Amino acid sequence: MTAVREAVARAEPKPPARTGQVKAAARWVRRAPLLPALIFTIVVTQLPFVATLVISLMRWNSLDPTNRGFAGVDNYTAVFTDPDLRSAIGTTVLLTVTVVFVSLVLGLVLALLLDRKFAGRGLVRTMLIAPFLVVPVAAALLWKHALYNPEYGLLNGVLTWLFGADAPQPEWISGMPLIAVEASLVWQWTPFMMLILLAGLQSRPQDAVEAARIDGATAWQVFRYLTLPHLRQYLELGALLGSIYIVQNFDAVFTITSGGLGTANLPYTIYQTFYQAHDYGQASAAGVVVVVGSIVIATFALRVVSSLLREEVRG
Amino acid sequence: MTTATLGSPSRASSVEARRRPRDWRKVLDWVAVHSLGLALGLMFALPILFVFLTAVMSDSQAFTKDLWPREWHWGNFLEVFDKAPLLKYLGNSLLYSLSATVGMLLSSIPAAYALAKMKWRGRNTVFLLVVGAMMLPPQVVAVPLYDTWSSLGLTGTLWPLIAPYFLFDAFSIFLLRQFILTIPQSYVDAARVDGCTEFQALVRIVVPMARPGIAATALFCFLYTWNDYFGPLLYTSEKPDQWTLSLALSSFKGMHHVQWNLAMAVTLLIMVPAVVLFVFAQRSFVKGITFTGVKG
């Protein structure tokens, strides 16, 4: 978020210079070729959302086309009172926060490891990046069938291999549905976080670290007072991009659990309301809630993270 | 004499004693780093290795708990091309990803330039709108967009997914703007003084200088569309000849659920383009994403 805020601050126009009418006109002539792109940008980014806002206030079910009209906030009331949708909101928040947090922490550990020189680093790095390159829906299928399957999946295969024929054979997906979805997402997102944090580690000024070491700082102190503050903006960037994508996650939920067993998040629920119940009004209202929610989560999560890190610097 | 003979070994041993824990710590550290690296690397790569091993198993062995194939059926990778029109799906995926990327470059570079290097009233507001649109999940605007495309008769094709990229892509505009901001204003001003129009300044000065950022943004756009599942599912799920690879994969599993090894082979084949692309563009990808995001 800071990245965005700073960017906005930088975009602050300098006080406009006094220019004559003719000069201004000439300037617009020079600018003209770029205008279509801009107008498109404004219109196209905002129009569908405005349309969504309007539809969210309407009574509109395509199975019942005659009964179409203004509904006021009925759809929003439905979103917040419908137990399914309410639990979908909770699931979305839980899923996003867990996945972003766990993959950031794991990504940090991996980045710290890869920042050191050791034999076979290149190989380890390649192995770690691999999950990021799997098409998400393929990753979801892979976890569902190749790993979680109680009959021929890898997890139970390894358990059998380790403990013999009477090893426990848990039903992963029905036993812990939300964790099953989260694990697959963490697996895919950790490499992404690692790449960002590794770039951050490698841009760290080495002389300060060297100086601290000479002054007798322990490895932990170097990490806490030098590395972590330096990584703050990289952590924020990872959290921002991660939350944007994971709030929207559809593939994993749709594939692994089909939204069952309490794992339906809002994007999935919207899809269902739209595609199966054909309730356009309510789907739109839920969509508006997702947007507001993701902006709130992203802002709040980043505030918390950066305030924590700021305290670290002071302490 | 005695003091000297006594003194020197004790001094030597004390030096050794001081050095030994250091050495031990180094050895321990070496072991710790290597075993941790290996363990974590395996943890992340193991699922993919398992997919590979299953893909070369025979039909019947794929359904057992075996981790290692008894016979290596390399032919499975060819057999999948007979089971499903994979080349057709590949063509659709490439059509979607490549046209979207080209469209994104045509529409987003000028918009990013206008947001980064031109001064005009309302620029901040427009930029905030772009950031807002970036956070908009595709499901949210699906309803009005689907309605519009279906009244144009274009649902069931990939055009509803491709066309918007020729108009705008918020995430790309954001990344490109951040990158173009790092180009010194003086270059652009000099071009203006020399009588360049904004368009010429963009094409001759900014685009060549922003090449790494453009490459990273293009890569992002390609991967995003290549990975996209929701879009093709929404618009083309009822028209199998328009399916992309990611959509085809999930139905391949449904249609050929008996041949589990083949499903795994397809999963691996779909990875190939992304891997190739990433190997070639890894550096600019990492540089682009951190540079644009952090230095903004």
Side-chain angles (χ1 to χ4, degrees), chain A residues 3-4 6-8 11 13 30-31 33-34 37-38 40-42 44-46 48-49 51-52 55 110 113 116 118 124 127-128 130-131 133-138 141-142 146-147 152 154 157 160 195-196 199 233-234 237 244 248 250-251 255 267 270-271 274 280 283-284 287 290-291 294-295, chain B residues 33-34 36-37 40-41 44-45 47-48 50-51 54 63-65 67 107 110-111 114 118-119 123-124 126-127 129-131 133 135-145 167-168 170 178 181 197-199 227 229-230 246 249-250 253 264 267 270-271 274-275 278 286 289-290 293-294 296:
Chain A
V4 175
E6 277 163 12
V8 175
R30 281 196 297 126
R31 286 170 177 175
L34 295 173
L38 263 180
F40 273 134
T41 309
I42 300 165
V44 180
T45 49
Q46 303 312 314
F49 188 59
T52 303
I55 296 173
L110 294 173
L113 181 78
R116 312 182 46 157
F118 59 92
V124 171
M127 287 200 290
L128 289 176
L133 299 173
V134 182
V135 178
V137 64
L141 285 170
L142 189 163
L147 266 60
Y152 47 89
L154 175 67
T160 312
L195 281 175
I196 291 180
Q233 48 185 352
Y234 293 87
L237 178 69
I244 289 177
Q248 307 177 4
F250 174 76
D251 312 9
T255 308
I270 295 170
Y271 170 79
F274 171 60
Y280 290 9
S284 299
V290 176
V291 175
S294 61
I295 292 172
Chain B
V33 167
H34 282 79
L36 192 67
L40 288 170
F44 277 84
I48 296 169
F50 179 71
V51 167
T54 310
F63 279 105
T64 63
K65 281 197 184 63
L67 298 179
S107 66
M118 287 164 70
K119 294 193 184 77
R123 182 170 77 163
N124 281 353
V126 171
F127 180 61
L129 290 179
V130 170
V131 173
M135 306 190 100
L136 211 61
Q139 293 85 7
V140 172
V141 289
V143 176
L145 285 179
L167 306 181
F168 98 107
Q178 301 300 94
L181 272 183
T197 63
E198 294 291 343
F199 188 71
N227 289 344
Y229 178 68
F230 179 76
S246 58
L249 176 69
S250 65
K253 189 223 90 225
M264 292 290 103
T267 307
I270 293 184
M271 262 183 84
V275 173
F278 192 78
V286 173
I289 184 66
T290 50
V294 175

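Chain A is the first sequence line, chain B the second, and so forth, proteins listed ahead of strands; every chain is numbered from 1. Computed from a prediction, not measured in an experiment: that's the story for all the values here.
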> Of the non-hydrogen atoms in A:Leu133 and B:Met271, which two are nearest, and what is the gap between them?
Replying inline: O-CG, 4.0 Å
>> As an exercise: rank B:Ile48, B:Thr267, B:Leu36 by heavy-atom pairs under 4.5 Å with chain A and give me the winner.
In response: B:Ile48
> Heavy-atom distance under 4.5 Å to chain A: side chain of B:Val51, backbone, both or neither?
Replying inline: side chain
> Which atoms form the tightest heavy-atom contact between B:Asn227 and A:Val135, and what is the distance?
Replying inline: OD1-CA, 3.6 Å
